[in-house]
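A short write-up of the structure that comes next.
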Amino acid sequence: MTSKQFSQAQRQRLRRSLLEWYGQQGRSLPWREEPTPYRIWISEVMLQQTQVKTVLPYFERWMQQFPDVQCLAQADLQTVLKAWEGLGYYARARNLHRSAQEICDRHHGKFPQTYDEVLALPGIGRSTAGAILSAAFGQAEPLLDGNVKRVLARLVALPVPPSKALAHLWDLSSQVLDPQNPRDFNQAIMDLGATCCTPKNPACLLCPWRDDCQAYQTHTQSDFPMTESRSPLPHKQIGVAVIWNDHQQILIDRRPEEGLLGGLWEFPGGKLEAGESYPDCIRREIQEELAIEVEVGEHLITVSHAYSHFKVSLHVYHCRHLSGEPQALESQEIRWVTLEELDEFPFPKANSKIIAALREAQGTKSP
DNA sequence: CACTCGTGGTC
DNA sequence: TGACCAAGAGT
């Protein structure tokens with residue numbers, strides 16, 4: 001299985017035309033204007049599976065709150081998660097925090113500059129390592145993100161989905177990379193994918209690579225990259241309890257550190273079993289998770305939410321604490337809080353919809 | 001290597 | 001409007 005080889009002349013043409021395009025069409029971004037290793041690192045991790053537009057406000061707030069690696073290393077994890085709240089893939093925030101501590105402990109607070117050291121940091125894989133080393137230090141390391149995969153798949157009319165040709169795509173990314181200007185080249189090829197060679201309706205007439213693009217030359221750009229096969233997402237039904245005590249406080253719990261939504265807070269509850277009503281489900285789950293008895297009251301809201309690999313509907317009910325001292329049997333920590341105090345804790349998006357509904361109910365009760 | 005891990009934009 | 005998908009990494 002031999003990979004496609006670009007001729008030296010073609011590589012030079014691709015590099016020259018892309019860099020010229022970048023000079024005219026490249027985006028002005030805060031981490032490009034002031035490309036310190038710390039800012040490049042934070043931006044690259046925030047940009048994993050996340051669009052620039054979404055990242056921008058988080059990036060600015062982050063730099064205000066954690067202006068350098070020492071500051072991040074010394075922050076407490078709950079504060080870091082609160083700053084990340086809403087961005088998703090929360091392991092990224094936990095890994096940034098761990099990496100910051102490693103950089104301070106093992107690298108004297110200075111971001112490492114060798115490929116192996118950067119790759120060894122938690123949350124940095126092959127592509128992010130290439131992005132950081134080229135952008136922060138001008139090193140000629142290739143990268144392979146979603147944009148580059150799409151651009152290259154069209155350039156060579158890749159006859160299989162990208163996931164089936166990762167080695168080939170890495171080789172192509174290395175071949176086209178400009179060893180004279182890897183910093184701008186890598187930024188340029190990502191910009192090309194993000195703003196020109198887009199998933200839908202690519203602007204081929206404005207593309208610097210149209211003369212070399214095998215997909216465009218055969219008018220099949222919309223057929224590439226070939227789609228990945230996917231199985232349908234399962235849909236889970238969850239009973240959720242907003243448990244009130246006699247002091248107008250609500251019981252919340254902090255999820256286990258690893259796994260889905262690790263370290264975030266939530267309202268307790270669990271999966272509906274066959275033949276069970278939601279009140280039955282909630283009483284059972286609350287007994288299993290917290291070892292207390294509750295009375296299930298009126299239905300508050302049902303929230304539907306789609307995650308990467310499944311969908312959920314959260315059926316939320318007001319509950320009243322009857323007996324027993326709550327225990328953190330399946331969580332890290334539990335706490336009684338007022339409606340106002342909920343803002344201090346990082347919650348997943350699906351839970352913030354519940355909080356909004358609670359606030360709305362509160363507002364209508366006492367005008 | 002296939003699966004887990006979030007959310008918002010887009011059509 | 002539901003399905004697809006984005007500056008991927010860890011296991």
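Worth knowing before you read on, the calculation uses all heavy atoms, side chains too, and leaves out hydrogens, waters and symmetry mates. Below, chain A is the first sequence line, B the second, and so on; all start at residue 1. What you see is a predicted model, and the numbers here were worked out from it, not measured in a lab.
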Contact pattern, 5' to 3', of nucleotides 4-11 of chain B - B, S or - by protein heavy atom under 4.0 Å: SBBBS---
Sugar-phosphate only, base, or nothing, as touched by [X] at under 4.0 Å among non-hydrogen atoms:
X	value
A:W31	base
A:K311	sugar-phosphate
A:V52	base
A:R32	base

Exercise: identify the closest heavy-atom pair between A:R150 and A:G193: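 Scanning both residues, the minimum pair turns out to be NH2-O, 2.7 Å.
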DNA chain C: 5'-proximal contact among A:E258 and A:D191 (nearest heavy atom): A:D191
Is the cationic atom of [X] (NZ for Lys, CZ for Arg) positioned less than 6.0 Å from the six-membered ring centroid of [Y] and within 45 degrees of its normal?
X	Y	result
A:K82	A:F345	no
A:R126	A:W170	yes
A:R92	A:Y89	no

Sidechain N-carboxylate O distance under 4.0 Å for A:R32, A:D191: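 Answer for the salt bridge query: yes.
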Pairwise P distance for C:dA7 and B:dT4, with rounding to whole Å: 24 Å
Same-atom distance (P) from B:dG6 to C:dT11, integer angstrom: 14 Å
Under the ring-ring contact (aromatic ring centres under 6.0 Å, His included) test, residues paired with A:F111 that sit two or more places apart: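 Partners of A:F111 by the ring-ring contact (aromatic ring centres under 6.0 Å, His included) criterion, ordered by chain and then number, come out as A:W41.
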Over 12 non-hydrogen atoms of neighbours within 6.0 angstrom of CD in A:E33: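 Yes, the 6.0 Å shell around CD holds more than 12 heavy atoms from other groups.
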Span of DNA chain C in contact with chain A (heavy atoms, under 4.0 Å): C:dA3 to C:dG10
Close side-chain approach of A:F224 and A:Q214, heavy atoms under 4.5 Å: no
